[in-house]
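Report on the structure given below.
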Amino acid sequence: MPELPEVETVKKGLLHLVQHKRIAEVIVRWPKIVEVPTVDEFCQNLIGEQIENIQRRGKFLLFKLTHFDLISHLRMEGKYEYFPEEELVQVDKHTHVIFKFTDGSQLHYNDVRKFGRMILVEKDQGPLYKGIQKLGPEPTSDEFDLANFASNLQKSTSFIKPLLLNQKVVAGLGNIYTDEALWFAKIHPQQPASTLTHSQIEDLREAIIEVLGRAVKAGGTTIRSYKNALGEAGAFQLDLMVYGKTDEPCPRCGTPIAKIQVGQRGTHLCPYCQKIRGQDS
DNA sequence: ACGTCTGTTCTCCT
DNA sequence: TAGGAGAACAGACG
């Protein structure tokens, strides 16, 4: 479930449920989920830790504990599920990490594809983790300013879509919201980033901020729906314009939405609205 | 039944 | 060093 808006929604949900709880025990059922340190250290170090706060950076969750930062990335299908009491707990084959709290409640990390990762580092060292350190600005922050964005696009030799997906120019976009933002800005995903006109760059920046902002307000988007997972249950869903709408009419002009491959990723666009129309360079 | 696709990102290679 | 392919996994779909 993880682009920026979904992760933000999970963060809020988790904060509400587990802030100030103290960890009594941790069980790791699929060791590869824990990247650093060893599974034994991971479990040992977490005992007695209290969840002071939960933050988000790009698509990373950052649990601020008493003596550590726990970094969690959901990758493709990672989910958290909360059980208020032991009697209600359900462990299935995709439950890979179990956090038991001193009050008897539990937080489970489920991940069908096992791509998600957890990293435990010393207190306040989370932002130094390599995956977080290389992230571009948050799309809502002042850092994501037009001049800087434009300069990054001009320096690139790649298509605009793969560039937006790599997290370095701006953090938090994934396959869905990149397609949506490019549609709003009327930019073809395969337009070379360095050929975008200034007006296209302005439109794109606005579209990114707008699309992600609206998705955060809506509580994210669920493509495949699962029950009971944080950030999915009961949330409003953002209405998507192009993602997953292959052959449906473009909401702007009625032309059927096309699906193509761009850099290994399925890509949805309106072939009429989104023509490659940058300047030569 | 099999090939293809999937909300991600890391490593390896050129 | 930038960027493309493949990998890490499991399941849904036609």
Side-chain angles (χ1 to χ4, degrees), chain A residues 1-11 29-36 56-61 71-80 92-97 109-119 129-136 139 152-183 189-190 192-194 208 211-212 214-216 218-226 229-232 235 237-247 258-268:
Chain A
M1 18 178 330
E3 293 180 45
L4 185 153
E6 290 73 32
V7 179
E8 178 66 19
T9 301
V10 170
K11 184 202 82 179
R29 306 171 81 232
W30 186 262
K32 287 186 75 174
I33 298 288
V34 178
E35 193 174 298
V36 168
R56 180 195 55 74
R57 176 74 173 95
K59 303 174 193 173
F60 288 88
L61 283 169
I71 300 161
S72 168
H73 197 300
L74 276 25
R75 294 283 183 96
M76 293 290 269
E77 305 207 36
K79 293 166 189 59
Y80 281 99
D92 68 42
K93 63 173 173 176
H94 302 305
T95 303
H96 305 313
V97 183
Y109 177 72
N110 292 16
D111 189 341
V112 169
R113 292 174 71 184
K114 299 173 174 164
F115 284 173
R117 291 293 177 264
M118 292 186 191
I119 299 100
Y129 172 67
K130 58 179 181 346
I132 292 184
Q133 206 168 23
K134 70 178 181 196
L135 293 177
N152 282 134
L153 297 198
Q154 279 149 14
K155 279 186 283 187
S156 171
T157 61
S158 79
F159 293 147
I160 185 61
K161 175 167 177 179
L163 184 65
L164 294 177
L165 285 177
N166 84 6
Q167 310 299 305
K168 290 175 187 163
V169 172
V170 57
L173 285 169
N175 209 32
I176 295 180
Y177 298 115
T178 301
D179 283 1
E180 296 292 306
L182 288 169
W183 178 83
Q190 286 174 310
S194 63
I208 289 168
V211 163
L212 292 177
R214 284 180 43 225
V216 166
T221 300
T222 303
I223 300 305
R224 282 162 277 197
S225 66
Y226 288 80
L230 282 167
E232 301 199 26
Q237 299 300 303
L238 185 71
D239 199 17
L240 300 176
M241 299 292 127
V242 286
Y243 188 89
K245 307 288 187 188
T246 313
D247 295 334
K259 185 176 179 188
I260 63 175
Q261 290 291 122
V262 179
Q264 319 277 79
R265 307 301 301 276
T267 297
H268 310 75

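Given the structure is predicted, the values throughout are model-derived calculations rather than measurements. All chains are named by letter (A, B, ...) in the order of the sequence lines, taking the proteins before the strands, and each is independently numbered beginning at 1.
The phosphate of B:dT8 (OP1 or OP2) has no side-chain N or O of A:R117 nearer than 4.0 angstrom. Remark: A:K134 is not in phosphate contact with C:dT1, judged by side-chain N or O atoms under 4.0 Å from OP1 or OP2. Note on A:S158: every side-chain N or O is 4.0 Å or more away from OP1 and OP2 of C:dG4. Checking the phosphate oxygens (OP1, OP2) of C:dC9, a side-chain nitrogen or oxygen of A:K32 falls inside 4.0 Å. Between A:Q167 and B:dT9, a side-chain N or O to OP1/OP2 separation shorter than 4.0 Å is present. Distances shown here put a side-chain N or O of A:S156 below 4.0 Å from the OP1 or OP2 atom of C:dG3. Using a 4.0 Å cut-off, some side-chain N or O of A:K93 falls inside it from OP1 or OP2 of C:dG11. OP1 or OP2 of B:dT6 has at least one side-chain nitrogen or oxygen of A:K259 nearer than 4.0 Å. Residue A:H73 has no polar side-chain atom (N or O) positioned under 4.0 Å from OP1 or OP2 of B:dC10.
Salt bridge absent: A:D247 and A:K259 never bring a charged side-chain N and a carboxylate O closer than 4.0 Å.
Here B:dT4 presents its P atom at 12 Å from CD of A:Q261, a figure rounded to the nearest Å. A:F60 places its CZ atom 11 Å from the C1' atom of B:dC10, with the value rounded to the nearest Å. Atom-to-atom, NZ of A:K130 to C1' of B:dT11 comes out at 11 Å; the value is rounded to the nearest Å. A straight line from CD1 of A:I71 to P of B:dC10 spans 12 Å, rounded to a whole angstrom. In this entry the distance linking CG of A:L4 with C1' of B:dT8 reads 14 Å, nearest Å. Going from atom CE of A:M76 over to atom P of B:dG7 covers 5 Å, rounded to whole Å. Atom CD of A:Q190 and atom P of C:dG4 are 11 Å apart (whole Å). At whole-Å resolution of the value, CG in A:N152 and P in C:dG3 are 11 Å apart.
When each of C:dG6, C:dC9, B:dT8 is scored by its nearest atom to the side-chain atoms of A:R265, the top-ranked nucleotide is B:dT8. Among the nucleotides C:dA8, B:dT9, B:dG7, the one closest to any side-chain atom of A:K59 is B:dT9. Counting only heavy atoms from C-beta on, A:H94 has its side chain closest to C:dG11 among C:dG11, B:dG7, C:dC9. Listed nucleotides: B:dT8, C:dG6, C:dA10. Nearest to the side chain of A:Q264: C:dG6.
Rounded to a whole angstrom, the distance from the P atom of B:dC2 to that of C:dC9 is 22 Å. With both ends at atom P, the span from B:dT9 to C:dT1 equals 22 Å, rounded to whole Å. Taking atom C1' in both C:dG3 and B:dG7, one finds a spacing of 22 Å when rounded to whole Å.
Across all strands shown, A:G266 has heavy atoms under 4.0 Å from sugar-phosphate atoms exclusively, and none from any base.
With a cut-off of 3.5 Å on both Watson-Crick or G-U wobble distances, the partner of C:dA2 is given as B:dT14. In this entry B:dG3 has C:dC13 as its Watson-Crick or G-U wobble partner, both defining distances falling under 3.5 Å.
Between A:W30 and A:L163, the one whose closest nucleotide on DNA chain C sits nearer the 5' end is A:L163.
Ring-plane geometry between A:F60 and A:H73 is classed as perpendicular, the angle between the planes exceeding 60 degrees on a 0 to 90 degree scale with a lower cut at 30.
Rounding to the nearest 0.5 Å places NE2 of A:H94 at 9.5 Å from CG of A:D111. Put simply, CG on A:L74 and CZ on A:R117 are 12.0 Å apart, with the number rounded to the nearest 0.5 Å. To the nearest 0.5 Å, atom CD of residue A:E77 and atom CZ of residue A:R113 are 5.5 Å apart.
A donor atom on one side chain and an acceptor atom on the other are found under 3.5 Å apart for A:D179 and A:H268.
A:L173 is not listed as a side-chain neighbour of A:L4, based on a closest heavy-atom distance of 4.5 Å or more.
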